[in-house]
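Below: the structure, in structure tokens.
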Amino acid sequence: MFWNKAMETISAGDLEALQLKRLKWTLRQTQQVSLYQKKMKEAGITPDDIRSLDDLQKIPFTTKKDLQAGYPFGLLAVPKREIVRIHTTSGTTGKPTVVGYTRADLGNWSELIARNMVMVGLTDEDTFQNAVNYGLFTGGLGFHYGAERVGMTVVPSATGNTKRQIEMIEDFGVTAIHCTPSYAMHLAEVAESMGAELATLKTGIFGAEPWSESMRAELEKRLGLTAYDSYGLSEMYGPGVAFECRERDGLHIWHDSYLVEIIDPVTGEALGPGERGELVITPLVKEAMPLLRYRTGDVTMLMEDECPCGRGQKIARITGRSDDMLVIRGINVFPSQIEHVLLSLPEVGEQFMVYIDRVKHLDEMTIEVEMSKASFSGELQDLARVQRHVAGALHSTLGLRTTVKLVEPGALPRFEGKARRVVDRRGAI
Ligand code: DLL
């Protein structure tokens, strides 16, 4: 099913012409912002020097630091009266980025969300529970307006009060739910403890943080739904940038609205399909806050094969952020790899925390993980064997020795929004 078939399946030739036209428009739009005027001047180029899509390479990158330096409204390309809403990034490091939207931006954004939802088979017959934060976080209002545009019955439940969320699913006959994968896992736990069957639920849209294929399998089994990965970032409106189709093998990045590149995060050099690196995006229709070659910090790769669904370019699931990648004794580790290993072991549950310390100049990684309910029977039995088994499995995937601590089911924190499972204590005194 398509929401906008002409755009979703546009031919390569027409797409190139459209992308170039929109890139030129974006360049003109950025010239209202002093940061880009300065960057282009320093690079010795003007918007007129960009005559083909390949010329994109001549344009300097924009980084999160650039955006932080413009806090709060320094990146806006339109007068304040044209801004009808603002959101901000979650701002885990330093100042958040303020993102402004014109009325046209909000329309473009809803269109992209609508495409995503229809792509996975949702229609105006569906009842959609939007179990994410409705404040400055883009996940709430972004999906809300997209789902309304499709004509779904929207339940704006937001987060929290998990028992009530489960009752809503059952009482309102909710067929589709949107939340972070960590919150979905918590919903599953609470539903199980209440004996709720969630019989009407058939579609789960999960995103805003990295999650693994094993997490998908677990969520599908426990919530009885088909789970789709949704990617986006506030700087590019929010969710809706890339989304899985029913093939669930990579995420379609909306080619008429975003130009994508993958670069080596260290050298900045372009990488080809199949090579994992940092995702760089140039949005093509953003009015209030245009961006040029924005370094997302997210690690993925361009996929080579054409998708049987007929839509365009796909990226692989995001494995993590180039800047949250943990480097432990020189080895790169993504928290999603740890999650993947733990979920494959029946002795332990899915909740874990990672602590990193520096002991006598050496990095030490400690992983706390809950025993699974099945293997926990009042006391941690045969603790040493389970511990060895978990540490062995982690070692063979990560190539790294770790200390594993087993804890009781329910002992570790649950997260309503994005999970914060890694505590890096190496910088602390
Ligand atoms: O998280 C937008 C969003 C809301 C996406 C709801 C999907 C669903 P920010 O708060 O600005 O925006 O955080 C963006 O989150 O750069 C990634 O590092 C991470 N992220 C988002 N989606 C995924 C995903 C929203 N599907 C940052 N897989 C991004 C992995 C993701 N990481």
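Both ligands and their constituent atoms are indexed starting at 1 by order of listing. Counting from 1, the numbers follow the sequence of the chain as shown. Side chains are part of it too, since the values below use all heavy atoms of this structure and drop only hydrogens, waters and symmetry mates.
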Considering non-hydrogen atoms of the protein only, which is the closest contact for [atom], and what is the distance?
| atom | value |
| --- | --- |
| atom 13 (O) of ligand 1 | K418 NZ, 2.9 Å |
| atom 22 (N) of ligand 1 | A208 N, 3.1 Å |
| atom 4 (C) of ligand 1 | F137 CZ, 3.5 Å |
| atom 17 (C) of ligand 1 | D298 OD1, 3.1 Å |

Q) Among G240, G232, G207, whose heavy atom sits nearest atom 21 (C) of ligand 1? A)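 Among G240, G232, G207, the closest heavy atom to atom 21 (C) of ligand 1 belongs to G232.
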(Q) Minimum distance, heavy atoms only, to atom 28 (N) of ligand 1: which one of E235, E209, K64 is it? (A)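 Considering heavy atoms of E235, E209, K64, the nearest to atom 28 (N) of ligand 1 sits in E209.
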Q | Closest approach of V132 to C179 (non-hydrogen atoms, all atoms of both residues) | A | CG1-CA, 3.5 Å
[X] neighbourhood, listing ligand 1 atoms whose heavy-atom distance to it stays under 4.0 Å:
| X | result |
| --- | --- |
| H178 | 6 (C), 8 (C) |
| T138 | 2 (C), 12 (O) |
| S234 | 9 (P), 10 (O), 11 (O), 12 (O) |
| R321 | 16 (O), 18 (O) |
| L233 | 11 (O), 12 (O), 14 (C), 16 (O) |

Can you confirm whether more than 12 heavy atoms, excluding those of [X], are under 6.0 Å from its [atom1] atom?
| X | atom1 | value |
| --- | --- | --- |
| E16 | CD | no |
| E125 | CD | no |
| E197 | CD | no |
| K405 | NZ | no |

Q) Purely on distance, is any nitrogen or oxygen of W211 under 3.5 Å from one on ligand 1? A)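 Among all N and O atoms of W211, none is under 3.5 Å from an N or O of ligand 1.
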Q: Could you tell me whether some N/O pair between T296 and ligand 1 is separated by less than 3.5 angstrom?
A: no
Q.
Here's one to test your reading of the geometry: is the NZ or CZ of R311 within 45 degrees of the ring axis of W254 and under 6.0 Å from its centre?
A. no
Q. Is it true that the NZ or CZ of R421 lies under 6.0 Å from the centre of F352's six-membered ring and within 45 degrees of the ring axis?
A.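 Ring-cation test returns yes.
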Q: Would you check if the side chain of D66 reaches a backbone N or O of L35 as a donor-acceptor pair within less than 3.5 Å?
A: no
(Q) Please check: side-chain N/O of K64 versus main-chain N/O of T97, any donor-acceptor pairing under 3.5 Å? (A) no
